[in-house]
Amino acid sequence: MKPSVRGSGCLLEVTLMRPNIRFVYADLKNMVCIGVVLSFAAVGGAGLAHADMSVPAKALEVPGIKGDDNRVRVKIADYPWRMIGRLNRNGSHCTGILVGPSTILTAAHCFWDKRRKQWSVPSAFHFVLGYEKGEVKAHSKIERFELPDGLPPTQTTKKPTVENDWAIAKLEKPLGEQFGFASAADFNLLGLRDILSSGAVVIQAGYSRDIAHMLTADEDCEISDIRQSKSGRLLLHQCDATQGDSGSPLFLYDGTSYDLIGIHVATISSPNGRSEGIAVSTEMFGKRISQQPK
(Lines give C-alpha, C1' and ligand atoms only; values in the text may rest on other atoms or scores of the structure.)
Protein backbone atom coordinates (compact mmCIF):
# COMPACT_ATOMS: atom_id res chain seq x y z
CA MET A 1 0.00 0.00 0.00
CA LYS A 2 1.32 3.42 -0.91
CA PRO A 3 1.76 5.98 1.86
CA SER A 4 -0.88 8.67 1.84
CA VAL A 5 -2.30 11.54 3.81
CA ARG A 6 -5.66 13.23 3.96
CA GLY A 7 -5.92 16.78 2.80
CA SER A 8 -8.66 19.08 1.56
CA GLY A 9 -11.22 16.32 1.86
CA CYS A 10 -9.51 13.79 -0.40
CA LEU A 11 -6.76 11.22 -0.20
CA LEU A 12 -3.45 12.62 -1.39
CA GLU A 13 -0.09 11.01 -2.01
CA VAL A 14 2.89 13.35 -1.96
CA THR A 15 6.07 12.41 -3.80
CA LEU A 16 9.03 14.74 -3.44
CA MET A 17 11.06 14.94 -6.60
CA ARG A 18 14.42 13.70 -5.50
CA PRO A 19 15.76 10.37 -6.75
CA ASN A 20 14.73 7.43 -4.58
CA ILE A 21 13.15 9.60 -1.88
CA ARG A 22 9.47 9.73 -1.02
CA PHE A 23 8.06 11.77 1.83
CA VAL A 24 4.54 12.01 3.15
CA TYR A 25 3.33 15.33 4.49
CA ALA A 26 0.61 15.22 7.10
CA ASP A 27 0.64 19.02 7.09
CA LEU A 28 -1.25 19.05 3.81
CA LYS A 29 -4.37 18.62 5.91
CA ASN A 30 -3.78 22.17 7.17
CA MET A 31 -4.00 23.68 3.71
CA VAL A 32 -7.25 25.51 3.13
CA CYS A 33 -8.52 26.37 -0.32
CA ILE A 34 -8.96 30.09 -0.75
CA GLY A 35 -11.72 31.67 -2.76
CA VAL A 36 -9.77 31.99 -5.97
CA VAL A 37 -9.40 28.83 -8.04
CA LEU A 38 -7.30 29.11 -11.15
CA SER A 39 -8.68 26.26 -13.22
CA PHE A 40 -7.65 27.83 -16.47
CA ALA A 41 -4.77 27.27 -18.83
CA ALA A 42 -2.38 30.10 -19.52
CA VAL A 43 -2.79 31.43 -23.03
CA GLY A 44 -0.30 32.55 -25.60
CA GLY A 45 3.20 31.32 -26.37
CA ALA A 46 6.38 32.57 -24.79
CA GLY A 47 8.24 32.58 -28.09
CA LEU A 48 11.23 30.87 -26.49
CA ALA A 49 14.24 29.83 -28.50
CA HIS A 50 15.01 26.18 -27.91
CA ALA A 51 16.85 23.33 -29.54
CA ASP A 52 15.32 20.08 -30.77
CA MET A 53 14.57 17.49 -28.11
CA SER A 54 16.61 14.31 -28.26
CA VAL A 55 13.99 12.24 -26.43
CA PRO A 56 10.89 10.56 -27.85
CA ALA A 57 7.84 12.78 -28.24
CA LYS A 58 5.72 10.18 -26.48
CA ALA A 59 5.05 11.05 -22.83
CA LEU A 60 7.36 9.11 -20.55
CA GLU A 61 5.76 6.99 -17.86
CA VAL A 62 7.24 8.84 -14.90
CA PRO A 63 5.51 10.57 -11.96
CA GLY A 64 4.81 14.21 -12.60
CA ILE A 65 4.25 14.03 -16.37
CA LYS A 66 0.66 15.13 -16.74
CA GLY A 67 -0.82 13.87 -19.98
CA ASP A 68 1.38 14.70 -22.96
CA ASP A 69 5.05 15.36 -22.26
CA ASN A 70 5.44 19.08 -22.98
CA ARG A 71 9.08 19.45 -21.98
CA VAL A 72 11.46 20.98 -24.51
CA ARG A 73 15.22 21.36 -24.43
CA VAL A 74 16.34 24.95 -23.92
CA LYS A 75 19.52 26.80 -24.84
CA ILE A 76 21.38 26.86 -21.55
CA ALA A 77 23.58 29.83 -22.51
CA ASP A 78 20.53 32.08 -22.91
CA TYR A 79 18.66 34.09 -20.29
CA PRO A 80 17.03 32.97 -18.01
CA TRP A 81 18.20 29.37 -18.41
CA ARG A 82 21.82 30.22 -17.61
CA MET A 83 20.76 31.02 -14.01
CA ILE A 84 19.39 27.49 -13.45
CA GLY A 85 21.70 24.70 -12.32
CA ARG A 86 21.92 21.17 -10.98
CA LEU A 87 22.48 20.60 -7.27
CA ASN A 88 24.44 17.34 -7.16
CA ARG A 89 25.16 14.93 -4.34
CA ASN A 90 26.46 11.36 -4.64
CA GLY A 91 24.73 10.52 -7.90
CA SER A 92 21.42 12.18 -7.03
CA HIS A 93 20.39 15.71 -7.90
CA CYS A 94 17.84 18.48 -7.56
CA THR A 95 17.49 21.79 -9.41
CA GLY A 96 18.36 25.23 -8.08
CA ILE A 97 18.35 28.81 -9.32
CA LEU A 98 20.64 31.76 -8.64
CA VAL A 99 18.90 34.50 -6.64
CA GLY A 100 22.01 36.49 -5.77
CA PRO A 101 25.71 36.69 -6.72
CA SER A 102 26.55 33.84 -4.33
CA THR A 103 23.09 32.55 -3.43
CA ILE A 104 20.80 29.86 -4.80
CA LEU A 105 17.22 28.89 -3.98
CA THR A 106 16.12 25.25 -3.99
CA ALA A 107 13.85 22.78 -2.20
CA ALA A 108 14.82 22.15 1.42
CA HIS A 109 14.28 18.40 1.16
CA CYS A 110 17.20 18.23 -1.27
CA PHE A 111 19.46 18.69 1.76
CA TRP A 112 17.64 16.12 3.90
CA ASP A 113 19.28 12.73 4.37
CA LYS A 114 16.36 10.32 4.59
CA ARG A 115 18.47 7.31 5.51
CA ARG A 116 20.13 9.04 8.47
CA LYS A 117 17.08 11.22 9.20
CA GLN A 118 19.10 14.38 9.52
CA TRP A 119 20.35 17.31 7.48
CA SER A 120 23.33 16.65 5.23
CA VAL A 121 26.67 18.42 5.42
CA PRO A 122 26.67 21.44 3.03
CA SER A 123 30.09 20.58 1.60
CA ALA A 124 28.66 17.33 0.21
CA PHE A 125 26.77 19.33 -2.44
CA HIS A 126 27.98 20.76 -5.72
CA PHE A 127 26.08 23.34 -7.81
CA VAL A 128 26.80 23.28 -11.54
CA LEU A 129 25.67 25.81 -14.15
CA GLY A 130 25.36 25.33 -17.88
CA TYR A 131 25.34 21.58 -17.46
CA GLU A 132 24.56 19.63 -20.61
CA LYS A 133 25.60 16.09 -21.52
CA GLY A 134 28.67 16.15 -19.29
CA GLU A 135 29.78 19.68 -20.14
CA VAL A 136 29.73 22.34 -17.38
CA LYS A 137 30.09 26.11 -17.71
CA ALA A 138 30.77 26.83 -14.02
CA HIS A 139 30.49 25.17 -10.63
CA SER A 140 30.75 25.78 -6.91
CA LYS A 141 30.50 23.85 -3.68
CA ILE A 142 27.88 24.81 -1.12
CA GLU A 143 29.30 26.74 1.83
CA ARG A 144 26.16 26.68 3.97
CA PHE A 145 22.38 26.63 3.70
CA GLU A 146 19.52 28.08 5.70
CA LEU A 147 15.93 26.96 6.17
CA PRO A 148 12.82 29.17 6.30
CA ASP A 149 13.43 29.99 9.97
CA GLY A 150 16.66 31.68 8.92
CA LEU A 151 18.81 29.41 11.05
CA PRO A 152 21.40 26.84 9.97
CA PRO A 153 20.04 23.29 10.18
CA THR A 154 20.94 21.00 13.06
CA GLN A 155 20.91 17.24 13.38
CA THR A 156 17.82 17.44 15.59
CA THR A 157 15.78 19.41 13.06
CA LYS A 158 12.87 17.51 11.52
CA LYS A 159 12.41 17.04 7.80
CA PRO A 160 10.60 19.94 6.11
CA THR A 161 6.85 20.24 5.78
CA VAL A 162 5.57 21.01 2.30
CA GLU A 163 4.92 24.72 2.95
CA ASN A 164 8.41 25.08 4.40
CA ASP A 165 10.16 23.09 1.70
CA TRP A 166 12.58 25.74 0.53
CA ALA A 167 16.12 26.69 1.40
CA ILE A 168 18.64 29.38 0.53
CA ALA A 169 22.22 28.19 0.05
CA LYS A 170 25.44 30.18 -0.03
CA LEU A 171 27.94 29.26 -2.75
CA GLU A 172 31.70 29.34 -2.29
CA LYS A 173 31.97 31.19 -5.63
CA PRO A 174 29.98 34.25 -6.82
CA LEU A 175 28.60 32.58 -9.95
CA GLY A 176 25.77 35.10 -10.17
CA GLU A 177 28.21 37.85 -11.08
CA GLN A 178 28.79 36.12 -14.41
CA PHE A 179 25.49 34.37 -15.08
CA GLY A 180 23.01 36.75 -13.45
CA PHE A 181 20.33 35.92 -10.90
CA ALA A 182 16.56 35.87 -10.68
CA SER A 183 14.34 38.36 -8.90
CA ALA A 184 11.11 37.44 -7.15
CA ALA A 185 7.86 38.68 -8.65
CA ASP A 186 6.36 41.52 -6.64
CA PHE A 187 2.58 41.35 -6.97
CA ASN A 188 -0.42 39.90 -5.20
CA LEU A 189 -0.81 36.27 -6.27
CA LEU A 190 -4.56 36.68 -6.28
CA GLY A 191 -4.09 38.84 -9.37
CA LEU A 192 -2.35 36.04 -11.26
CA ARG A 193 -5.49 35.10 -13.16
CA ASP A 194 -5.81 38.58 -14.67
CA ILE A 195 -2.13 38.63 -15.61
CA LEU A 196 -2.34 35.27 -17.37
CA SER A 197 -5.53 36.21 -19.18
CA SER A 198 -3.67 39.19 -20.66
CA GLY A 199 -1.26 36.86 -22.48
CA ALA A 200 1.45 36.08 -19.92
CA VAL A 201 2.42 32.44 -19.31
CA VAL A 202 3.92 30.35 -16.52
CA ILE A 203 7.11 28.47 -17.38
CA GLN A 204 8.88 25.79 -15.35
CA ALA A 205 12.40 24.57 -16.08
CA GLY A 206 14.61 21.97 -14.43
CA TYR A 207 16.82 18.90 -14.68
CA SER A 208 14.33 16.03 -14.74
CA ARG A 209 15.72 12.70 -13.64
CA ASP A 210 14.65 10.90 -16.82
CA ILE A 211 16.35 13.61 -18.94
CA ALA A 212 19.03 14.31 -16.37
CA HIS A 213 21.74 15.55 -18.71
CA MET A 214 19.93 18.50 -20.24
CA LEU A 215 17.83 21.36 -19.00
CA THR A 216 14.23 21.21 -20.18
CA ALA A 217 11.25 23.52 -19.79
CA ASP A 218 7.49 23.32 -19.86
CA GLU A 219 6.77 26.57 -21.67
CA ASP A 220 3.09 27.00 -20.85
CA CYS A 221 1.88 25.63 -17.51
CA GLU A 222 -1.60 25.67 -16.09
CA ILE A 223 -1.96 27.00 -12.54
CA SER A 224 -4.89 24.95 -11.32
CA ASP A 225 -5.26 26.24 -7.77
CA ILE A 226 -3.86 28.52 -5.09
CA ARG A 227 -4.01 27.24 -1.52
CA GLN A 228 -3.32 28.92 1.76
CA SER A 229 -0.97 27.13 4.16
CA LYS A 230 0.28 28.17 7.59
CA SER A 231 3.30 29.87 6.04
CA GLY A 232 1.82 31.37 2.89
CA ARG A 233 0.27 30.48 -0.44
CA LEU A 234 1.06 27.33 -2.40
CA LEU A 235 0.63 27.03 -6.16
CA LEU A 236 -0.86 23.84 -7.57
CA HIS A 237 0.26 23.46 -11.18
CA GLN A 238 0.20 21.21 -14.22
CA CYS A 239 3.84 21.70 -15.22
CA ASP A 240 5.58 18.52 -16.35
CA ALA A 241 7.94 18.36 -13.38
CA THR A 242 9.23 15.03 -12.13
CA GLN A 243 12.08 13.60 -10.05
CA GLY A 244 15.12 15.88 -10.21
CA ASP A 245 12.94 18.95 -10.74
CA SER A 246 12.63 19.73 -7.04
CA GLY A 247 13.75 23.32 -6.54
CA SER A 248 13.11 24.20 -10.18
CA PRO A 249 11.76 27.71 -10.82
CA LEU A 250 8.32 28.71 -12.01
CA PHE A 251 8.55 31.96 -13.98
CA LEU A 252 5.85 34.37 -14.99
CA TYR A 253 6.77 35.44 -18.53
CA ASP A 254 5.03 38.45 -20.06
CA GLY A 255 6.95 38.53 -23.34
CA THR A 256 9.74 40.64 -21.89
CA SER A 257 10.79 39.57 -18.40
CA TYR A 258 10.90 36.36 -16.39
CA ASP A 259 9.74 36.90 -12.83
CA LEU A 260 10.15 34.13 -10.28
CA ILE A 261 6.78 33.20 -8.74
CA GLY A 262 7.66 29.90 -7.06
CA ILE A 263 9.74 26.73 -6.97
CA HIS A 264 8.46 23.21 -7.53
CA VAL A 265 8.73 20.97 -4.45
CA ALA A 266 6.33 18.00 -4.74
CA THR A 267 3.66 16.14 -6.72
CA ILE A 268 0.29 14.98 -5.41
CA SER A 269 -1.93 12.27 -6.87
CA SER A 270 -5.63 11.91 -6.09
CA PRO A 271 -7.73 8.72 -6.32
CA ASN A 272 -9.23 9.88 -9.64
CA GLY A 273 -5.77 9.72 -11.20
CA ARG A 274 -5.22 13.46 -11.51
CA SER A 275 -1.67 14.55 -10.77
CA GLU A 276 -0.70 18.06 -9.70
CA GLY A 277 2.55 19.71 -8.81
CA ILE A 278 3.03 21.81 -5.69
CA ALA A 279 5.18 24.94 -5.69
CA VAL A 280 6.00 27.17 -2.75
CA SER A 281 5.34 30.75 -3.83
CA THR A 282 7.40 33.93 -3.58
CA GLU A 283 5.09 34.86 -0.74
CA MET A 284 7.20 32.43 1.32
CA PHE A 285 10.74 33.38 0.26
CA GLY A 286 10.51 36.71 -1.57
CA LYS A 287 11.53 38.83 1.42
CA ARG A 288 14.54 36.67 2.16
CA ILE A 289 15.67 36.87 -1.45
CA SER A 290 15.44 40.65 -1.41
CA GLN A 291 17.68 40.72 1.67
CA GLN A 292 20.47 38.77 -0.02
CA PRO A 293 23.68 40.70 -0.86
CA LYS A 294 23.57 42.03 -4.43
Once rounded to the nearest 0.5 Å, what's the spacing between atom [atom1] of [X] and atom [atom2] of [Y]?
X: E283; Y: S231; atom1: CD; atom2: OG; value: 10.0 Å
X: I278; Y: R227; atom1: CD1; atom2: CZ; value: 7.5 Å
X: L192; Y: L252; atom1: CG; atom2: CG; value: 6.5 Å
X: F179; Y: I84; atom1: CZ; atom2: CD1; value: 13.0 Å
X: K173; Y: L129; atom1: NZ; atom2: CG; value: 11.0 Å
X: I289; Y: L105; atom1: CD1; atom2: CG; value: 5.0 Å

Counting distance only, does the side-chain N/O of [X] pair as donor-acceptor with the main-chain N or O of [Y] below 3.5 Å?
X: D240; Y: N70; result: yes
X: K117; Y: R115; result: no
X: R144; Y: P122; result: no
X: T103; Y: V99; result: no
X: D254; Y: S257; result: yes
X: S269; Y: S275; result: no

Handout entry: Y131 and its side chain to side chain contact (heavy atoms under 4.5 Å, CB included) partner, picked from K137, H93, H139, R86
Key =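 Option passing the side chain to side chain contact (heavy atoms under 4.5 Å, CB included) with Y131: R86.
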Exercise for the section: Scan I97, T95, I142 and name whichever one has a side chain to side chain contact (heavy atoms under 4.5 Å, CB included) with I104. Expected result: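 Among I97, T95, I142, the one meeting side chain to side chain contact (heavy atoms under 4.5 Å, CB included) with I104 is I142.
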Exercise for the section: Give the C-alpha distance, both sets of side-chain angles, the deciding distance and a yes or no for side-chain contact (heavy atoms from CB on, under 4.5 Å) between V202 and L196. Expected result: CA-CA 8 Å; V202 172; L196 293 177; 3.9 Å; yes
Does [atom1] belonging to [X] count more than 12 external heavy atoms closer than 6.0 Å?
X: D186; atom1: CG; value: no
X: K170; atom1: NZ; value: yes
X: K287; atom1: NZ; value: no

Practice task
Report the residue from H264, R209, H109 that forms a side-chain hydrogen bond (donor to acceptor under 3.5 Å, both in side chains) with S246.
Solution key: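 Only one of H264, R209, H109 forms a side-chain hydrogen bond (donor to acceptor under 3.5 Å, both in side chains) with S246, namely H109.
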Problem - Linked, directly or transitively: V121 and F127 (ILVMFWY side chains, under 4.5 Å) - result: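 Not linked; separate clusters.
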Handout entry: Co-membership, hydrophobic cluster, residues Y79 and V201, 4.5 Å side-chain
Key =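 Yes, one cluster joins them.
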Hey, does [Y] have a side-chain heavy atom less than 4.5 Å from the side chain of [X]?
X: K159; Y: K114; answer: no
X: I263; Y: F285; answer: yes
X: E143; Y: S102; answer: no
X: P80; Y: F251; answer: yes
X: H213; Y: E132; answer: no

Practice task
Using a strict cut-off of less than 4.0 Å between a Lys/Arg side-chain nitrogen and an Asp/Glu carboxylate oxygen, indicate whether E146 and R288 qualify as a salt bridge.
Solution key: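 Looking at E146 and R288, the cut-off is met.
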Handout entry: Salt bridge flag under 4.0 Å for residues R71 and D210
Key =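 Result for this pair is yes, salt bridge flagged.
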Could you pull out the closest heavy-atom pair between [X] and [Y], with the gap in Å?
X: W119; Y: P160; value: CH2-CD, 3.6 Å
X: T282; Y: G262; value: CG2-N, 4.1 Å
X: L236; Y: I268; value: CD2-CD1, 4.1 Å
X: G180; Y: L98; value: O-CD1, 3.4 Å
X: C239; Y: D218; value: CA-OD2, 3.5 Å
X: G176; Y: F181; value: O-CD2, 3.9 Å

Exercise for the section: Report the C-alpha separation of L147 and N164 in whole Å, then their side-chain angles, then the decisive distance to 0.1 Å, and conclude whether the side-chain contact (heavy atoms from CB on, under 4.5 Å) test is met. Expected result: CA-CA 8 Å; L147 300 175; N164 292 312; over 6 Å; no
Handout entry: Q204 and S248: side chain donor to acceptor below 3.5 Å
Key =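 A donor-acceptor contact under 3.5 Å links the two side chains.
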Handout entry: Residues D245 and S208: side-chain donor-acceptor under 3.5 angstrom
Key =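 Judged by distance alone, the side chains do pair up.
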Handout entry: Derivation of the side-chain contact (heavy atoms from CB on, under 4.5 Å) call for F187 and I261
Key = CA-CA 9 Å; F187 68 93; I261 62 171; 4.0 Å; yes
Exercise for the section: Step by step, work out the side-chain contact (heavy atoms from CB on, under 4.5 Å) result for I226 and L235. Expected result: CA-CA 5 Å; I226 296 179; L235 303 175; 3.9 Å; yes
Problem - Aromatic F125 / basic R89 pairing, under 6.0 angstrom, 45° off normal - result: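 Yes, R89 and F125 form such a contact.
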